[in-house]
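What follows is a single structure, written as structure tokens, with notes after it.
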Amino acid sequence: MSGTISRRRFLGVTGAFAAMGLLGACSRSPGSQSPNAGSTGGGASAGLLPTYRPFDTFPPDLASSNPDVAPGYFTYPDPPTAMTSGVPASGDPIRALTFTYDPVAPELANNALWQSINEALGTELDLEYTPAAEYSARFATTIAGNDLPDLMAIKGQQQQMPAMLAAKFTDLTEYLSGDAVLDYPNLAALPTPSWLSTVYDGKLWGVPVPRSLIGNVLYTRADILERAGLSLQPESLEEFTEMAQALTNDREGRWAFGQTPLSVLLETNGIANLWSVDDSGVFAFNGTLPEYEQALADSVALNDLGVVHPDGNAVQNTQRNEWMIAGTTAFQIGLYAGWPKFYVQGADIEGFRLTGMLSPARERGGTMVRTAGPSVSHFSAIDKQDDPERLAEILRVLDWLAAPFGSTEYITRRFGKEGETFTFDGPDPVLTSQGVNQATLPMRYITENSPVIFESRNEQAVRDQFDHQEAGLQYTVPNPTEGLYSETAVSEGASAQQALTATELEIVLGNRPVADWAAAVESYMSAVGNKIQAEYEEAWAQLNG
Amino acid sequence: MRKGSSPAATTRRARRPGQALARWRRDRLLLLLAAPGVLVVLLFHYLPLLGNVIAFKGYLPFLTIAESPWVGWDNFQVIFSGDPLFVNALTNTLIITLIQVLFVFPLPLALALLLNEVISERLKRIVQSVLYMPHFMSWVIVVALFQQIVGNAGMVNTLLREHDMATFSIIGVPELFEVLITSQVIWKDTGWGTIIFLAAISRVDTSLYEAAAMDGAGALRRIWHVTLPAIRSVFVLLLILRLGDALTVGFEQIILQQGAVGATASEVLDTYVYNHGIVGGNWGQAAAVGLTKGVISVLLVLGANKLAHKFGERGVYHK
């Protein structure tokens, strides 16, 4: 899953800054600037989103009262239960196009896992995929070539998004909106925020691939901190800084951080997300706030203390992962989805323990905040279908693919065929060496169940991840632009944002004074920011009546 | 005037078809052999040039090029409006170009002259192999190597730190960025660049050296009066070709190291096109900048070629 990080920027050079989200203006839905203005602009309120009906079939070992926290399982539910009946499809193959962060899986003829999925679906699921970094090019050429597969991954926001969706894909509102989704119970169990990403022009355009809202994690080598006698959760910026100094010894080649932790310092100063909104729907670009400038100043101060690896800002993010695993640094910043891979990388390290640290409030006892992670990886849309039977068939296949953790469908999808691609270790399915290769087939990037925490035979790992979600998600500030669409943000915004990020990087590196920030933000605002703000406000007003 | 010359032209034209056909027939095997290459050039070099039309369009990937609206010269605005980011990229490009043409370009010649003075063939072979090797490493490897050795936490600095000596920083210092990337280019490609010069030197008539030696010329004088004049045309040819891609100063090498120094020090035209065109989604603008760069490069080649003719050199092609 290392690619989850690298997708943020093609060459991953400035992963640290990319990770804070300035690059990918996250924003979705009912288009204020939409060219087909006659559409249901105002109908996007509560009634539109599918009814949420989670399962209680598989009680987890760790459960939270906060619905955003993913349930934790120490073992796979025993016995696994089938959540669908019969085969969802018959006859014509279904073509799907998506992307992957993993190596290419063996083709169908040599892939028992794929074959068993097809068998369970009752038809051939003809899956094509490209590396994630190349997907936008493949997407553009497929759309331009007008040879659309039945299912197509829509990754990020495209220019003229509402017009493109309306021109090429099926409006799924009448099949999935409100209680209609209950015909597809596994889809009804996908978390509500994830559906927002599929809403444009007040219509539902696809089925999401949901993700935890936990977003970015300050990964912490708990074993190193414990050996140094440090607390795993500092209470103030002062304590955080002292901790960083205690973890640094440049003569021995040890530093606290692999990159300047700007994303942490922003939260420390009370900044969450790129935009914020007040109760009356007035948006503000967080870069204009004095706290933002304070975070930049704190970053420079932290750099000056020498607690950041001296080559940290020059390397690729995979290198920073290696530094943390090797103990060269004690922290690393990355997306939550990358957490399980560190257990593989750290498997040989005596006492290896990974936890997530929350960004402390600036002053002891102050308010803590956390930037919301994206609620989805992307969503899958269905091309224009004339035959309602065929459409229902495709939706049933999506429903099958979204079957929850604990189901037999989940085992077939992720593990394949017992005895061939996986075996049971107690209740836990474990891939065989043959299965490991075949399981890179990115079925889960069409759609999948809502996130769970599960590490086979590693109770501590499940607890650490659960604890981090439990502790962190209560401070999460929802991203106010989620579910809103601004054409300016998607078209002209990207370039202006890029220029702003470049200035930010130079300030953090100490090449430019912090005082330059205000002018950079001002020129961003006058170039695109004010326009984006107006578009978000209009879209917000439509969504919230 | 035109009338006077036309009878001759007519006869020449009249003779041509038969002659051409005969030539085609005579050379058909050679033409057949050339066909795949010509096809590749047409398909992958000339055909994609048509894509440059998006410089004049508001191109959106989900529309086809034909469906995207025409916007005239709008995309070229960024070049002429003095956009500070563009000007910064242009300035950096020109500085790096100047450094590379003045200081890096002659180095392979100097190295080739040195190699030519090595008497032992065996030693020469070994030295050459070692010198060629870096050329085959990708930029990712070269950049990582430099980091591992002279990085702030690299081999040299770690050693210095362990012995309580003062450390130095080259990587991550904006003022030294040009020095850094120029040394990388020198390390990677100087050896490779000697090949053509060595080939040219090997074709110099050895009797000229003998005659010069007889006249009492030492090693340096032989180089100055025999070797250099003999390979002058090759030198000029390579210089013209180098000017052709003078504005291409290494996209991969630079984008890999941009994170360490930031854009002010490191943005060049190619990275500008990537960062603002591809990442920023301004496809038309990126194409406009790329197209302008191409036109300038062609003008540079033509100009340099003309200059070469003035000095009595053959240049890339004859008049």
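- Annotation for B:H276 and A:A499: closest pair CE1-CB, 4.3 Å, computed over non-hydrogen atoms.
- Using a 4.5 Å heavy-atom cut-off against chain A, the contacting residues of residues 153-177 of chain B are B:A153, B:G154, B:R161, B:E162, B:D164, B:I171, B:P174.
- Residues B:L256 and A:Q316 meet the side-chain proximity criterion, which asks for heavy atoms closer than 4.5 Å.
- Of all heavy-atom pairs spanning A:L509 and B:V261, the tightest one is CD1-C, 3.6 Å.
- For A:E522, the CD atom is loosely surrounded, since the number of other residues' heavy atoms within 6.0 Å does not exceed 12.
- A donor-acceptor pair under 3.5 Å is absent between the side-chain atoms of B:N152 and the main chain of A:D311, judged by distance alone.
- Proximity to chain A is absent for every atom of B:A144, based on heavy atoms less than 4.5 angstrom apart.
- For A:T328, no part sits under 4.5 Å from any heavy atom of chain B, backbone or side chain.
- Residues of residues 287-300 of chain B never come within less than 4.5 angstrom of chain A, heavy atom to heavy atom.
- By number of non-hydrogen pairs under 4.5 angstrom with chain A, the leading residue of B:N282, B:L85, B:T264 is B:T264.
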